Amino acid sequence: MRVLLGVIVCTMVLLLSLRSCAAEVRNVLLCLTLQQDPYTMSKGSQMEGYCMDLLSELAKKLDFKYNVHLVKDGSYGRQDESGAWNGMIGEVVRKEADLAIAPLTLTAAREKAVGMTKPFMQTGISILLRKDISEEAGIFDFLTPFSVETWVGILAAYLGTAISICVVARLSPCEWSQPQTEENSFTFSHSLWYTAGALTLQGAGPHPKALSGRIICCTWWLFGLVLLACYFSNLSTSQGSDSNQLMVKGFEDLANQQGIEYGTLSGSSTLAFFKNSNNPTYRRIYEHMERAKSFVSSMDEGVRRAKEGNFAFIGESVSLDLVVARHCELVRVHEVIGMRGYSIAGTLGSPMLKNLSVAILELSEAGELAYLRSKWWASSCMADPAKASPLQPHSLKGMFLVLALGLGLGVLLAVLELTAKSRSNAGEQRKSYCTVLSEELSQRLRTTTTNKKRSQETADKDKA
């Protein structure tokens, strides 16, 4: 009896040990990948890259162990005419591997053959260009440093200053002491000329003699200096960032121009997208590439031709982003079409795929996928200066306020000077202050009749 009990206990211990070993064996997954920078790269006997970091994070979340092997034929997986798959997809279909982790595009054909997780990265089709392929300069590009509203404000300030100088020159007795006999040098046309000369730092005499006129002129000079400094600063910045104004901003621009050649990878899914598309623009792009035979045999060739200039390389946006991070003279346009995702492939019907999809979504929500993207797509290029935007009126509101205060102060001083002289003359002439002030104003503001009389007198003197 004791012997039988001992045999039963030993058998149970052995069964539990075997079950534990079997569970551990099943918990070690065989993962396939292929070498592609920066997804998977060899580092001695180990492998590193975006996919390796992603696999490590998934293993921590789902508590499984894994072994990574490179795919035997070095391909992602394509279906031949007989329906058989090669590459990573083929090995997963034949259950020679549990998972395939690489930049595998999620397609309908692959989804039928194997199980695919939620995408861990989104990609699409975009355009790679040299930065110095820029727009031709426009005729009125010299106006771009300021917005239309700012130019209108400057014009209003110019006219307001000219009018203020003209009015102050007539009101101030220090500027025009004898309106009956003297001619006022600051006519409206001369005030316009004087204000324009001050704005361009050229100067135009004669200068005001009264304090009120000098205050207005000094305020206008200060306004002009700040305005010119802002103008030339913004102009140099906008000229220096012309290389960011790409002539080709998207596929519509690419199809409508003839100066830049363009092409894509021969036999790629990108070429198939344009070939099978019903979009007229995309069809024109495909027909042009087919007619010009502008296909490239490899990604490296496309990058090389883009670096040489006058060539736009069409490829997957994620791959182009990596090229831009490594080659600072290149840039990718913002438009991306044909969005698709990279997924992890597993055996069809595997319950592991559901857990992997949930874990990928959790990593995405936690910002881990964005961190891995920034880690492996890090750029060593110096950031280009941002394109200067036209200066808005609110950016110069301080100077407009100072100018308005200066104009107001000048006019106020001119009025005070006139009232002081009128009060003095009223005492001397034994007249009321209001009568003398109204006479002074009528003499100083009657410009047309006075000017005509003086012109006639001058003509008579010349004849005599």
Side-chain angles (χ1 to χ4, degrees), residues 38 50 103 105 119-138 141 144 147 237-265 268-271 273-274 277 279-286 288-289 294 296 299 302-303 305-342 364 367 369-390:
Y50 179 92
T105 305
F120 60 82
M121 183 180 292
Q122 294 291 335
T123 186
I125 300 173
S126 192
I127 307 169
L128 185 73
L129 289 166
R130 276 184 66 98
K131 287 183 178 179
D132 56 4
I133 300 178
S134 58
E135 293 179 336
E136 296 180 359
D141 277 359
T144 56
S147 65
T237 304
S238 62
Q239 293 297 322
S241 61
D242 277 347
S243 60
N244 293 331
Q245 302 176 13
L246 292 177
M247 185 191 307
V248 177
K249 295 183 175 68
F251 290 91
E252 187 75 31
D253 296 335
L254 191 67
N256 292 334
Q257 58 82 42
Q258 300 294 330
I260 302 174
E261 191 58 74
Y262 52 89
T264 188
L265 192 62
S268 63
S269 58
T270 300
L271 178 61
F273 171 84
F274 287 99
S277 175
N279 186 298
T281 300
Y282 303 158
R283 289 294 304 174
R284 284 165 53 201
I285 290 176
Y286 169 74
H288 174 86
M289 292 189 295
S294 55
V296 295
M299 180 82 172
V303 173
R305 291 188 63 182
K307 289 172 67 176
E308 291 173 355
N310 206 39
F311 182 80
F313 177 61
I314 303 173
E316 291 193 347
S317 60
V318 172
S319 301
L320 299 185
D321 287 339
L322 181 64
V323 172
V324 170
R326 304 289 170 81
H327 303 277
C328 302
E329 68 271 31
L330 299 177
V331 64
R332 179 180 70 80
V333 302
H334 292 296
E335 184 180 5
V336 178
I337 62 174
M339 294 300 297
R340 45 198 170 178
Y342 290 154
S364 176
L369 296 184
Y371 166 73
L372 293 180
R373 173 69 182 270
S374 62
K375 174 184 176 181
W376 292 104
W377 271 258
S379 174
S380 59
C381 303
M382 295 290 292
D384 290 330
K387 176 174 170 53
S389 57

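Below, each value reflects all heavy atoms present in this structure, side chains not excepted, and no hydrogens, waters or symmetry copies. Please read these numbers as outputs of a predicted model, since none were measured by experiment.
- To the nearest 0.5 angstrom, L330 atom CG is 5.0 Å from L128 atom CG.
- Residues A255 and I285 come closest through the heavy atom pair CB-CG1, 3.9 Å.
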Worked verdict on Q122 versus V336 for side-chain contact (heavy atoms from CB on, under 4.5 Å):
CA-CA 11 Å; Q122 294 291 335; V336 178; over 6 Å; no

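- Taking both residues in full, the closest heavy atoms of R332 and V324 are given as N-CG2, 3.7 Å, listed atom of the first, atom of the second, then distance.
- The distance from the CG atom of L254 to the OG1 atom of T281 is 10.5 Å, given to the nearest 0.5 Å.
- A salt bridge links E329 to K307: at least one charged side-chain nitrogen sits closer than 4.0 Å to a carboxylate oxygen.
- Applying side-chain contact (heavy atoms from CB on, under 4.5 Å) to F251 and the options N279, I314, V333 leaves one that passes, I314.
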Residues F313, I127; criterion side-chain contact (heavy atoms from CB on, under 4.5 Å); working and verdict
CA-CA 6 Å; F313 177 61; I127 307 169; over 6 Å; no

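- At least one donor-acceptor pair under 3.5 Å links the side chain of K131 to the backbone N or O of C328.
- To the nearest 0.5 angstrom, W377 atom CH2 is 9.0 Å from R326 atom CZ.
- Among all heavy-atom pairs drawn from A312 and L129, the shortest one is CB-CD2, 3.3 Å.
- Taking the side chain as every heavy atom from C-beta outward, E335 and D253 never approach each other to under 4.5 Å.
- Considering every non-hydrogen atom in both L320 and G315, the closest pair reads CD1-O, 3.7 Å.
- By the ring-ring contact (aromatic ring centres under 6.0 Å, His included) test, Y282 is found to be paired with F273, F274, residues two or more places apart in sequence or in another chain being considered.
- Residue A378 comes nearest to A325 through the heavy atom pair O-CB, 3.9 Å, listed as atom of the first residue, atom of the second, then distance.
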Worked check of side-chain contact (heavy atoms from CB on, under 4.5 Å) between Y50 and K375:
CA-CA 8 Å; Y50 179 92; K375 174 184 176 181; over 6 Å; no

Begin with the C-alpha distance, continue with both residues' side-chain angles, and end with the deciding distance and a verdict on side-chain contact (heavy atoms from CB on, under 4.5 Å) for F120 and L372.
CA-CA 11 Å; F120 60 82; L372 293 180; over 6 Å; no

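- Rounding to the nearest 0.5 Å places CG of L322 at 10.0 Å from OG of S379.
- Side chain of S317 to main chain of G124: a donor-acceptor pair is present (N/O by atom type, distance under 3.5 Å, no hydrogens or angles).
- Taken from CD1 in I260 to CZ in R130, the straight-line distance is 11.5 Å, to the nearest 0.5 Å.
- When all heavy atoms of S364 and L369 are compared, the closest pair comes out as CB-CD1, 3.6 Å.
- Residue pairs meeting the salt bridge (charged side-chain N to carboxylate O under 4.0 Å, His left out) criterion with at least one member in residues 308-319, sequence neighbours excluded: R304-E308, E316-R340.
- The CD atom of E261 sits 6.5 Å away from atom CZ of R305, with the distance rounded to the nearest 0.5 Å.
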